[in-house]
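Down below is the structure, laid out as structure tokens.
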Amino acid sequence: MNSRAILLAALLATAACTPGGDAGNQSSATATPTIGVDVEGLNKQVRPGDDFDEYANGGWRARTEIPADRSSTGSFLQVFNKAEANNAAIIKAALEASAGAGSDQRRIADWYRAYTDTAGIETRGLAPLGSELDAIARLGDKKALSAMLGANVRADVDPLNATDFETENLFGIFVTQAFGQPEATVPYLLQGGLGLPERDYYLSGESEMAEIRDQYRAYIGKLLSLANVTEPDARAQRVFNLELKIARAHADQVASQDANKANNPWKKADFARKAPGIDWDAFWSAAQLGNQQDFIVWQPDAVAGMAKLVASEPLQAWQDWLVFHRINEVTEVLPAAFDQAHFEFYNQTLRGQLKPRPRDKRAIASVDTWLGDAVGQLYVKDYFPASSKADIQNMVKGILAAFDKRVAGLPWMAESTKAEARKKIATMRVGIGYPETWRSYASLDVKADDPVGNLRRAELAEYRHQLAKIGKPVDRGEWWMTPQTVNAVNLPLQNALNFPAAILQAPFYDPNADAAAKYGSIGAVIGHEISHGFDDLGANFDASGRLRNWWTPADLARFKASGQALVEQYNAYEALPGLKLNGKLTLSENIADVAGLAAAYDAYKASLGGKEAPVIGGLTGDQRFFLAFAQSWREKQREQQLRNRVATDAHAPARWRAQTVRNLDAWYPAFDVQPGQKLYLAPEKRVKVW
């Protein structure tokens, strides 16, 4: 959770938006294509060349309120709401089906029932955690502590997501192919252990961060007090002090993005020598990895630093830390006072959300998280028509061809480098809608009266599912997202892309829209994911997924210079007074935005077959293309959420992603952008990258 690690992926920001419309099956085309652009959402009082996001989205933003149970709103929430409604229908059918024990429908129904049984949750109180808390109290020495830390390790299935449970454990495990051996599947060890989003929340001198630290300390104390722990405030201070030391040991986000720094193969025997302080034999045995000999350590200095803390810090401090985190992990299925306290800190304080999401909506999200493929099989059957898949496949083919043509035509790149890049394009595996094989939940016991146990068993089942891949041939077709996920991903180690069914809906994809809007919106998403194979992270991997430098020195220097120009461009953007974007942190995503939009534009022009695009609603094809792109990134968010995003997210906030257009030559004549306007860049200053 605190590591910007393994997937090296171009995860799109799953943040949010306005209520959407129907989410049923769609036809693939109409005789008269729709405009595909929200003309009413424009703010024509602003010149496109001064602020293209405000021009494209200002009218919408002025009349849109952020829902009280959200920290932001925009296109992603619009599509998410459609997917959520579909998931709700799937769960409702499961509840009404009276399915037999052991079936996925029964698991879906029982998980939902347990999560929404608030009366039962209140009655049980902290009893479901009794054995865990007793075990923590019985810890007698550092060997026992090492074993418990190992037993608590769980799989990190989304290392770029700074809101998952990896932080609750001192380390996380991610299982995939080795950097230097594409045929070998190994466990990666990742830093964790923090309750705040990442290290800078502990170390920053900014007054806003200092205030958050005070509120976090108070939250720890409140949770311990609710659990009837003695001396809650003193224990809270111990927990915070320990996490502060863990944060100091952590690698920062920018360093964690460097795959070459992360390629640290360790043997099991190396841990005692390189990271003394933990009883590693006890740790790995409890983590069910006692016989595993090969690991990759993503942040070796952090692992060594945290192991040293296990030895040096008092056992009582670690026990307090364990008690807090074991409770904090499951507040959503504990009595209302715990749930409310968690909301007030993590959602209100950190993100500005005014009120919690309704319990039934949160239950849907929980089912979706832990029974994702069970829901996904039903989702694609009812909500993803074959016509949409075929249309997207055709667009992907065109955008890959456009990207290949761009690479082939680069005047500065040597033929040897081009050959490697084009091989990577030619062998890129693209998954659309849903995986070829589905996950089995046969080993997962879901009970209608045990929501805490359901979460614990699901985490363990996921962990065992991931460990089972070690030592087996790499599955190049493995999906890392469920079909009902509103997102997309590039997997450099597999040289593969996943485009889940749920993102293939309007406004990202409207099968009835004109080609300009489709290519400007979902086409740019497709181009973005393709381009992640060639950003500052993905470009370190070859067509087989091996970490290898396939660049000539001159080509690599030119590539890095283009990246630095983009860093400087984004460093200049000011999100709030005194709060600048971090162009280095967001570089991978910004490269993918620029290169992906350029490839999507080329593919759009090629799709016209040499004909002129029609004018629709008074807008030319190029105007519709660029407006559709900017409106895909429309967003309105609360200040706290914006600060959080700038501090932690590898993506630039959506408003500045929309300004990517200033790097494309075709945008300038489309909107008559002239020197002197705020977004104007002289031709030689426009960043091309690819």
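What you are looking at is a predicted structure, and each value in this text was computed from that prediction instead of being measured. Residues take their numbers from the sequence shown, with the count starting at 1.
Of all non-hydrogen atoms in Ala275 and Ala307, the two that sit nearest each other are O-CB, 3.3 Å. Smallest separation of non-hydrogen atoms from Gly192 and Ile246: O-CG2, 3.6 Å. In this structure, Asn152 and Asn169 approach most closely via the heavy-atom pair O-OD1, 3.0 Å. Of all non-hydrogen atoms in Asn263 and Pro265, the two that sit nearest each other are O-CD, 3.4 Å. Taking every heavy atom of both residues into account, Gln340 and Pro356 meet most closely at OE1-CG, 4.0 Å. When all heavy atoms of Asn571 and Lys580 are compared, the closest pair comes out as O-CD, 3.5 Å.
The closest side-chain donor-acceptor pair between Ser366 and Thr369, if any, does not fall under 3.5 angstrom. A donor atom on one side chain and an acceptor atom on the other are not found under 3.5 Å apart for Gln353 and Tyr346. Side-chain N/O atoms of Tyr115 and Asp110 include no donor and acceptor closer than 3.5 Å. Side chain to side chain, Asn260 and Asn540 meet the donor-acceptor criterion of an N or O pair below 3.5 Å. Between the side chains of Gln181 and Gln177, not a single donor N or O lies within less than 3.5 Å of an accepting N or O. In this model, a donor atom of one side chain and an acceptor atom of the other lie less than 3.5 Å apart for Asp320 and Gln316.
Side chain of Arg124 to backbone of Asp449: a donor-acceptor contact under 3.5 angstrom is found. Counting only distance, with no hydrogens or angles, the side chain of Glu589 and the backbone of Ala650 share no donor-acceptor pair below 3.5 Å. A donor-acceptor distance shorter than 3.5 angstrom exists from the side chain of Asn490 to the backbone of Glu529, with no hydrogens or angles considered. Not a single donor-acceptor pair under 3.5 Å links the side chain of Tyr463 to the backbone N or O of Ile173. A donor-acceptor pair under 3.5 Å is absent between the side-chain atoms of Arg238 and the main chain of Ala317, judged by distance alone. A distance-only check finds no donor-acceptor pair linking the side chain of Glu344 to the backbone of Thr349 [under 3.5 Å]. Using a distance-only test at 3.5 Å, with no hydrogens or angles considered, no donor-acceptor pair links the side chain of Asp368 to the main chain of Gly372.
Asp294 has a carboxylate O that lies under 4.0 Å from a charged side-chain N of Lys267, or vice versa, which qualifies the two as a salt bridge. At a threshold of 4.0 Å, the pair Asp233-Lys222 does not count as salt-bridged, since none of the basic side-chain nitrogens sits closer than that to a carboxylate oxygen. Contact check on Glu313 versus Lys245 returns a salt bridge, with a Lys/Arg side-chain nitrogen under 4.0 Å from an Asp/Glu carboxylate oxygen.
Summarising the geometry, atom CD1 belonging to Ile278 is positioned 6.0 Å from atom CG belonging to Leu170; distances are rounded to the nearest 0.5 Å. Rounded to the nearest 0.5 Å, atoms CG (Leu537) and CG (Asp258) are 8.0 Å apart. To the nearest 0.5 Å, the span separating CG on Asp450 from CZ on Arg456 amounts to 11.0 Å. One finds the CD atom of Glu198 at 8.5 Å from the CG atom of Leu203 (value rounded to the nearest 0.5 Å). Expressed to the nearest 0.5 Å, how far CG of Leu371 lies from CZ of Arg107 amounts to 8.0 Å. One finds the CG atom of Asn487 at 15.0 Å from the CH2 atom of Trp480 (value rounded to the nearest 0.5 Å).
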Walk me through it: do Asn241 and Gln237 pass the test side-chain hydrogen bond (donor to acceptor under 3.5 Å, both in side chains)? CA-CA 6 Å; Asn241 290 345; Gln237 188 64 53; 2.9 Å; yes
Begin from the C-alpha positions of Trp298 and Gln191 and carry the test side-chain contact (heavy atoms from CB on, under 4.5 Å) through to its verdict. CA-CA 8 Å; Trp298 192 274; Gln191 66 187 14; over 6 Å; no
Check the pair Asp301 / Lys274 against salt bridge (charged side-chain N to carboxylate O under 4.0 Å, His left out), numbers first and verdict last. CA-CA 9 Å; Asp301 290 343; Lys274 295 182 177 181; over 6 Å; no
Set out, in order, the CA-CA distance, both residues' side-chain angles and the distance that settles side-chain hydrogen bond (donor to acceptor under 3.5 Å, both in side chains) for Asn590 and Thr586, then state yes or no. CA-CA 6 Å; Asn590 298 336; Thr586 60; 2.8 Å; yes
Could you walk me through whether Phe240 and Phe324 satisfy the side-chain contact (heavy atoms from CB on, under 4.5 Å) test, starting with their C-alpha distance in whole Å, then the side-chain angles of each, then the deciding distance to 0.1 Å, before giving a yes or no? CA-CA 10 Å; Phe240 180 83; Phe324 166 66; over 6 Å; no
Output, in order, the C-alpha distance, side-chain angles, deciding distance and verdict of side-chain hydrogen bond (donor to acceptor under 3.5 Å, both in side chains) for Gln299 and Ser256. CA-CA 7 Å; Gln299 299 106 341; Ser256 290; 3.2 Å; yes
What do the steps show when you test Asp536 against Ser588 for side-chain hydrogen bond (donor to acceptor under 3.5 Å, both in side chains), and what is the final call? CA-CA 6 Å; Asp536 63 314; Ser588 296; 2.5 Å; yes
Using side-chain contact (heavy atoms from CB on, under 4.5 Å), reason through Tyr441 and Asp373 one step at a time and then give a plain yes or no. CA-CA 9 Å; Tyr441 298 97; Asp373 272 23; 3.5 Å; yes
Just do the side-chain contact (heavy atoms from CB on, under 4.5 Å) check on Gln348 and Gln640 with the steps written out, would you? CA-CA 8 Å; Gln348 261 187 346; Gln640 297 95 320; over 6 Å; no
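Screening Trp266, Phe271, Trp280 against Phe295 for a ring-ring contact (aromatic ring centres under 6.0 Å, His included) leaves a single residue, Phe271. Under the side-chain hydrogen bond (donor to acceptor under 3.5 Å, both in side chains) rule, Glu462 has a single partner from Arg457, Arg439, Arg154, which is Arg439.
Under the 30°/60° scheme for interplanar angles, the aromatic rings of Phe541 and Phe179 are found to be tilted.
Open room surrounds CG on Asn291; 12 or fewer heavy atoms of other groups in view lie less than 6.0 Å from it. Around atom CD of Glu231, no more than 12 heavy atoms belonging to other residues, nucleotides or ligands sit under 6.0 Å away. By the 6.0 Å contact criterion, NZ on Lys584 is open, its count of non-hydrogen atoms from other residues, nucleotides or ligands being 12 or less. Annotation for Lys142: atom NZ counts as buried by contact number, over 12 foreign heavy atoms lying within 6.0 Å.
Residues Phe171 and Trp284 keep their aromatic ring centres 6.0 Å or farther apart.
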